[in-house]
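First comes the structure, then the notes that go with it.
Every heavy atom of this structure was used, including side-chain atoms; hydrogens, water molecules and symmetry mates were not. When a ligand or atom number is given, it counts from 1 through the structure's own listing order.
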Amino acid sequence: MLEGRRILLILSGGIAAYKSLDLIRRLRERGASVRGVMTEAAQHFVTPLSVAALSEEAVYTDLFSLKDESEMGHIRLSREADLIVVAPASADIIARMAAGMANDLATTTLLATDKPVLIAPTMNLQMWAHAATQANVALLDKRGILRVGPGSGDLACGEVGSGRMAEPLEIVAVIESFFHRSTQLKGRRAIVTSGPTHEPIDPVRFIANRSSGKQGHAIAAALARMGAETILVSGPTVEPDPAGVRVIRIETARDMLAACEASLPADIAVCAAAVADWRVETPPQQKLKKEGSGAPPALKLVENPDILATLSGAGNRRPRLVVGFAAETEKIVEHAKAKRARKGCDWILANDVSPATGTFGGDSNTIHLVDGTGVEDWPALSKSDVAARLAQRIASYFDAVKAAE
Ligand code: C5P
């Protein structure tokens, strides 16, 4: 799968560096060559000798080493790769990347490169949740830096939460989908809905929900990476626009439907938005006043259009593959099957949001994919890994369609 691909693997300081040794093996098993760069901190966790032995390449550590610079040099290091992978990516190297610093070989290489970069963050959960880290990661996301993880679980520091480095095989899956990005869905057009909708109560108030748009945006990014012409119809969210995606911003469910219909024809529709089920029938032109109004106003709600069901029933304009989501807390597969039939879509990604899974408010999703043939159970994955896996499955679906044509 990765025959002939050249990966520059940058290890920064984190206990998860031991997993990067396995990552080297997994990449090489698939035919990739791996060249290692280590920060000083990384060398406290694993040795350059281990990286050299597994990669069967020289390992570079020092910006000012006469030997390293004469042998290779940071500019060549950064250019003689098809992809740079930073794993583990510590809070520190993420901050230095965001700031554009070049104070060691790893960051100088990252600043000098013209190649795509994938980071696999790992750190303590508080460090991950810190506003500084979140701002740095958002900036890197915006710059088109690819990211896998972090996932949730037991952390080496003894705490439990978000901050685990993605497993080597998950990183390999993202690398594989990256290398197949520009071919597999080339020529296909995708519409993705994401985020909440805002339904006005009056000119200043609205009904909304807590959807972040993370999952829908990640799916749009993953489809675009695989070469699909991707249109993201998004409700209000703070998520940055994914690279290479056309974003149409809307507020209400009716606007979302109109934008989707105007974007047809399409081959793929993925409805990941949390569309408000109801809207206020006739929002007043002026702000509702508390003073002198007596009783609180009664809001008359009417049902919003169902975008997933409308696209699924769009006759000869129906996208070939229509995918919906279902958040369930019990009888997950049974409910998802019923929803698939009711909406008329092809696949339902049922998300287990029962309290035991920690999905609500967390970063990971536990998906059961229901299609016409049965159910596929996915392990708990980060939202970006769910997106990569879904995009890969969509690509396989269209490969099969092509083969049958
Ligand atoms: O009916 P329910 O809201 O549980 O269905 C969820 C699925 O339907 C999601 O894929 C969501 O994006 C989609 N949906 C929609 N338009 C609506 C309501 C839900 O596209 N009005």
Quick one: look up the protein heavy atom nearest [atom] and list residue, atom name and how far away it is.
| atom | answer |
| --- | --- |
| atom 20 (O) of ligand 1 | L308 N, 2.8 Å |
| atom 9 (C) of ligand 1 | F325 O, 3.3 Å |
| atom 1 (O) of ligand 1 | K343 NZ, 2.9 Å |
| atom 16 (N) of ligand 1 | I307 N, 3.0 Å |

### Distance-only side-chain donor-acceptor flag, H335 / E328, under 3.5 Å
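Yes, side-chain donor-acceptor contact under 3.5 Å.
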Next on the checklist: For a quick check under 3.5 Å, do T133 and N136 share a side-chain donor-acceptor pair by atom type?
Outcome noted: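 Not at all, the side chains of T133 and N136 share no donor-acceptor pair under 3.5 Å.
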Within-shell test, K339 vs ligand 1, heavy atom, strictly < 4.0 Å: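 The answer is yes: ligand 1 sits under 4.0 Å from a heavy atom of K339.
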Heavy atom of D306 under 4.0 Å from ligand 1?
->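 D306: in contact with ligand 1 (<4.0 Å).
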Where's the contact between P305 and ligand 1, heavy-atom distance under 4.0 Å: side chain, backbone, both or neither?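 It is the backbone that gets close, since no side chain atom is under 4.0 Å.
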Quiz prompt | C271 and ligand 1 - part of the residue with a heavy-atom distance under 4.0 Å | solution =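 Under 4.0 Å from ligand 1, C271 contributes backbone and side-chain atoms.
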Apply salt bridge (Lys or Arg N to Asp or Glu O under 4.0 Å) to R393 and D371, showing your working.
-> CA-CA 12 Å; R393 205 173 185 288; D371 66 8; 3.4 Å; yes
| said: With nothing but distance in play, are any N or O atoms of A273 less than 3.5 Å from an N or O of ligand 1? | reply: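 For ligand 1, there is an N or O atom that lies under 3.5 Å from one belonging to A273.
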Is there a polar contact, in the sense of an N or O pair closer than 3.5 Å, between V275 and ligand 1?
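So ligand 1 has no N or O lying under 3.5 Å from an N or O of V275.
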Which value, rounded to the nearest 0.5 Å, describes the distance between I24 atom CD1 and L9 atom CG?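 Result: 5.5 Å between the selected atoms.
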Review point. Can you list the atoms of ligand 1 that are under 4.0 Å from a heavy atom of G324?
Key: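 Taking each heavy atom of G324 in turn, ligand 1 has 10 (O) under 4.0 Å.
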Exercise. Report, as yes or no, whether the 6.0 Å neighbourhood of atom CZ on F206 holds more than 12 heavy atoms from other residues, nucleotides or ligands.
Key: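 For F206, atom CZ is not crowded (no more than 12 foreign heavy atoms under 6.0 Å).
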